[in-house]
Amino acid sequence: MLGRPWNVRRALEVKSILELRSTSNFGFKPYSHETGAFQMVAMRSLYSAGCSNFPNISRSWMFTSKSITGLKKAGCTNADVLVLDMEDSVPMGKKTEIREVYRSALKRGYFRGRNVVVRINRDEHISEVLKDINLLGNQEVSFMIPKCSVNFSKMIDCLLSDHETSRGLPQNTFKVMPIIECPSGLAEVREIAHASQRNRALLTGPSDFSLETGCEEYSTTGQTFLAQVVLAAKEAKLTAIAGPYLHLDDYVGTEQHFKSVKGLGFDGELKEATMIRKARENNQSTVQFDIQKSKILAPLPAQARAENILSYEKECHKKDPRDSSKNLPVRILRERGLQNSVYIGQVIRSDLEVTLTETHRVLWESSFLTSSKVTTSTCFAAQLGLQSSTYPLLFINMLTLGLTLSKFTQSAVVHLGCYNATQLRPLKYSDTVRAVCSIKDARHVTGQDGQVKYTIVESRHELVNQDGVRVFRVDTRSLFPPLSILHKKENSELSEDTDISSLSLMRRDNILYHFSNLEMIDTLKPPLKIPPELKAGDLLLHTDVKTFGRSETTSLCNMFRLTNPHHHNTIRYSDREILVPGPLVTAGVVSNTELDLGEVVHEEYLCHENINKVNPGDMVSTLTYIVSVESVPESDVLEVVTVRHIGVKNTDLELLVESEGGLTREFFSGSVRKPADFEDICLSQCPLLYRKIVSNVERKIMRFKTSPGI
């Protein structure tokens with residue numbers, strides 16, 4: 001399946017949802033009326049037309065549960081509009097039962113004082129439409145008209161007039177909202193908008209429209225459909241509401257979709273509400289096939305369209321009637337990364353070597369803001385006792401991980417984090433380096449059914465120069481598909497150092513030695529950046545940002561030998577599935593702080609973890625929390641600062657200053673480690689950052705103090 005284009009793979013995924021109906025452990029029932037888990041939808045509006053019997057504020061529209069208990073709870077929520085659905089979320093055999101449940105809830109006053117909308121049945125079920133109006137129509141409700149046409153709109157207008165007369169209500173008491181979701185409706189959209197004085201809004205159904213036309217939502221046809229509905233709504237002075245975005249948990253994609261429909265002129269957007277996250281996890285109409293992807297919402301139109309795509313693919317790929325024995329056999333040359341099993345104690349040696357040149361540094365600095373004179377100025381580095389300016393530590397980190405990818409981590413599902421990244425010895429221009437990886441530990445992750453779901457592998461990656469001497473070390477944790485765990489003892493080609501801590505401090509102590517021999521700090525050339533004063537507990541907002549371009553990401557991946565298809569294969573993966581490598585995201589997060597933390601002469605990375613994915617085109621911003629500030633006994637002009645960088649994507653962090661919800665110290669405490677911990681705190685304290693945290697970096701830097709002499 002992985003070798004197929006992403007739209008065919010998506011169709012196969014939706015088809016897999018259908019096939020799961022018959023499995024007892026999954027219990028799939030599309031639009032399950034028992035759980036009501038699928039029935040929560042929110043409509044985010046920028047504004048809404050102020051008109052009678054239609055909500056002036058329509059920020060959130062909630063498709064309710066279909067049980068008395070769920071309806072009672074829905075009446076107590078803060079949703080601006082409650083939607084009672086009688087259309088395709090209710091099976092034909094259950095319509096009478098569900099209608100009576102709704103009717104009972106209305107009679108009991110569960111929705112008193114609330115804005116209630118009933119989505120009635122389609123015109124092919126006219127008898128059900130009559131029951132919807134007669135049994136659910138009271139002064140509290142308005143009506144959505146699905147698959148609307150001019151004739152159906154006029155029919156509903158007549159039926160509502162008769163209902164108003166029978167109830168002794170004034171004409172036009174009941175308001176309606178036509179849903180445009182098919183080509184015939186689009187052809188009549190202007191006439192539909194003017195067909196009835198009851199009209200208060202026009203809604204779109206992009207899933208049904210895509211099914212009938214065979215177009216993609218963001219194609220020219222799909223965008224023309226949306227634009228025509230907006231124009232018709234504006235001309236008729238109606239509120240324009242866009243249909244739902246179907247990729248659950250893809251909050252960045254959702255935000256971009258919102259911006260897109262806002263740019264088209266829509267006043268609101270149907271979207272699944274984040275407030276029922278727990279219920280959504282049990283949603284029988286969704287499935288998540290890849291941990292790096294969001295869950296897929298599979299309504300009936302999406303399921304039907306998936307079948308159409310697969311049927312078309314089958315026709316296109318029928319076997320050639322000619323003799324297939326003459327066809328050349330095809331095989332994949334390399335299976336990269338760990339396959340089937342992992343050996344604890346195994347040493348994996350990369351067969352790749354790289355000779356460092358000036359080009360590497362130039363390409364790195366063209367992508368990441370670099371201002372530390374230790375890495376940019378040979379003259380400055382020489383005054384600190386270094387033979388030349390050094391490579392940035394995160395460059396070395398990326399190179400070490402990249403050189404072991406093809407033999408180790410390319411088959412991983414996701415990289416969980418890197419720890420204790422330390423430079424052991426200087427790395428010079430013209431050095432030739434290779435990488436060695438040793439497997440330290442492995443353990444299985446089981447699902448609720450007790451079956452092994454993933455395998456977590458802990459490893460150590462080291463960079464070795466042409467003399468066989470280690471220059472850099474980093475520990476990692478990676479998540480793999482299920483692997484057999486075996487034990488193996490293998491002698492490393494590297495000699496163990498008796499005191500690795502002394503090696504990691506070698507460069508630091510060398511720098512301190514030269515500082516102690518400098519008569520005055522201002523003899524350093526060129527002049528130093530004026531460092532800001534930092535205190536433990538400070539929270540810094542950096543104004544510099546990093547945006548990853550598509551060609552830039554590809555170039556960096558090639559330079560570091562990152563060959564994972566998730567970074568390159570635009571046929572197999574859609575734009576939202578092409579990923580920026582995690583260590584590059586970390587480098588972007590740190591580069592945003594370069595001009596704000598003063599002159600850094602030495603650094604170590606205690607931890608850097610990736611929380612949410614980053615795609616090319618995403619913008620990354622940075623928050624920095626000052627954990628501690630300590631003096632350096634050997635120097636009066638240096639201090640060691642421990643910081644925690646938080647990377648955030650596609651957010652203007654200056655909005656945090658104006659936001660009612662801020663971050664507390666709890667967010668930056670050591671107890672917050674797992675991605676779920678970050679999301680829970682953001683959801684409760686700072687919704688602006690929910691699903692936006694991309695990186696957590698714990699870093700220790702040695703820098704110049706703030707003093708009048710500098």
Side-chain angles (χ1 to χ4, degrees), residues 33 49-56 58 61-64 66-68 71-72 74-75 80-180 185 188 191-203 236 238-239:
H33 63 277
C51 35
S52 61
N53 289 351
F54 190 77
N56 290 329
S58 57
W61 291 47
M62 174 180 170
F63 274 55
T64 66
K66 294 175 173 58
S67 67
I68 283 293
L71 292 170
K72 186 175 182 179
D80 298 314
V81 182
L82 302 176
V83 181
L84 309 180
D85 189 27
M86 285 302 305
E87 201 208 358
D88 53 9
S89 72
V90 182
M92 283 301 297
K94 294 286 185 179
K95 290 189 182 292
T96 300
E97 175 187 338
I98 298 303
R99 191 181 293 112
E100 286 300 322
V101 172
Y102 289 157
R103 185 184 183 190
S104 176
L106 288 166
K107 283 185 176 181
R108 296 182 187 185
Y110 289 166
F111 311 134
R112 189 169 291 114
R114 306 298 302 275
N115 298 301
V116 181
V117 176
V118 175
R119 184 166 73 163
I120 61 177
N121 281 274
R122 300 180 182 182
D123 55 357
E124 59 260 37
H125 305 299
I126 191 62
S127 61
E128 298 295 334
V129 173
L130 288 170
K131 295 175 185 177
D132 294 340
I133 293 175
N134 292 330
L135 297 179
L136 301 179
N138 62 36
Q139 290 175 287
E140 292 180 329
V141 306
S142 301
F143 294 94
M144 284 185 187
I145 308 176
K147 290 282 186 178
C148 192
S149 63
V150 173
N151 291 336
F152 192 29
S153 177
K154 291 180 178 180
M155 180 190 301
I156 296 300
D157 187 69
C158 292
L159 293 175
L160 289 175
S161 294
D162 293 342
H163 187 64
E164 288 163 344
T165 301
S166 65
R167 290 287 188 95
L169 299 174
Q171 289 294 301
N172 294 327
T173 295
F174 296 107
K175 308 304 177 186
V176 298
M177 287 151 277
I179 307 176
I180 310 300
E188 300 177 332
E191 291 79 1
I192 292 173
H194 291 276
S196 173
Q197 296 181 7
R198 304 176 187 275
N199 288 347
R200 288 298 176 264
L202 282 184
L203 284 70
L238 304 177
T239 301

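Hydrogens, waters and symmetry mates play no part in the numbers below; they use all other heavy atoms, side chains included. If you're wondering where the values come from, they're calculated on a predicted model, not measured in any experiment.
- For Lys147, the salt bridge (Lys or Arg N to Asp or Glu O under 4.0 Å) partners are Asp208, Glu212, not counting sequence neighbours.
- Distance CG/Asn121 to CD1/Ile145: 12.5 Å, rounded to 0.5 Å.
- With a 4.5 Å cut-off on side-chain heavy atoms, Leu135 and Tyr102 do not count as touching.
- The CZ atom of Arg99 sits 4.0 Å away from atom CE of Met86, with the distance rounded to the nearest 0.5 Å.
- Heavy atoms only, all atoms of each residue included: Ile120 and Phe143 are closest at CG2-CD2, 3.4 Å.
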Criterion side-chain contact (heavy atoms from CB on, under 4.5 Å) on Met177 and Leu238, from CA distance to verdict:
CA-CA 9 Å; Met177 287 151 277; Leu238 304 177; over 6 Å; no
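- When every heavy atom of Leu82 is checked against every heavy atom of Gly75, the shortest pair comes out as CD1-CA, 4.2 Å.
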Run the numbers on His125 and Met92 for side-chain contact (heavy atoms from CB on, under 4.5 Å), then give the verdict.
CA-CA 10 Å; His125 305 299; Met92 283 301 297; 4.1 Å; yes
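- The structure places OG1 of Thr173 at 4.5 Å from CD of Glu164, a figure rounded to the nearest 0.5 Å.
- For the pair Glu97 and Lys66, the salt-bridge criterion is not met [side-chain N within less than 4.0 Å of a carboxylate O].
- Among residues at least two apart or in separate chains, side chain to side chain donor-acceptor pair (under 3.5 Å) pairs with a member in residues 148-158 are Asp157-Ser196, Asp157-Arg198.
- Here NZ of Lys175 is found 10.5 Å from CG of Leu160. Values are rounded to the nearest 0.5 Å.
- Between Asp132 and Lys95 there is no salt bridge, since no side-chain nitrogen of the basic residue lies less than 4.0 Å from a carboxylate oxygen of the acidic one.
- Rounded to the nearest 0.5 angstrom, Ser166 OG and Asn134 CG are separated by 7.0 Å.
- With rounding to the nearest 0.5 angstrom, the CD atom of Glu87 is 6.5 Å from the CD1 atom of Ile179.
- The environment of Gln171 atom CD is dense: over 12 non-hydrogen atoms of other residues, nucleotides or ligands sit within 6.0 angstrom.
- The shortest side-chain heavy-atom distance between His163 and Leu169 does not fall under the 4.5 Å cut-off.
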How far apart are the C-alpha atoms of Ile192 and Phe152, what are their side-chain angles, what is the distance that settles it, and do they pass the side-chain contact (heavy atoms from CB on, under 4.5 Å) test?
CA-CA 9 Å; Ile192 292 173; Phe152 192 29; over 6 Å; no
Show the numbers, then the answer: is there a side-chain contact (heavy atoms from CB on, under 4.5 Å) between Met155 and Ile126?
CA-CA 10 Å; Met155 180 190 301; Ile126 191 62; 3.2 Å; yes
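- Residues Val116 and Phe111 come closest through the heavy atom pair CG2-CB, 3.6 Å.
- Residue Val141 comes nearest to Leu136 through the heavy atom pair CG2-O, 3.5 Å, listed as atom of the first residue, atom of the second, then distance.
- Considering all non-hydrogen atoms of both residues, Ser67 and Val101 come closest at C-CG1, 4.0 Å.
- Closest approach of Leu84 to Thr64, counting heavy atoms only: CD2-OG1, 3.5 Å.
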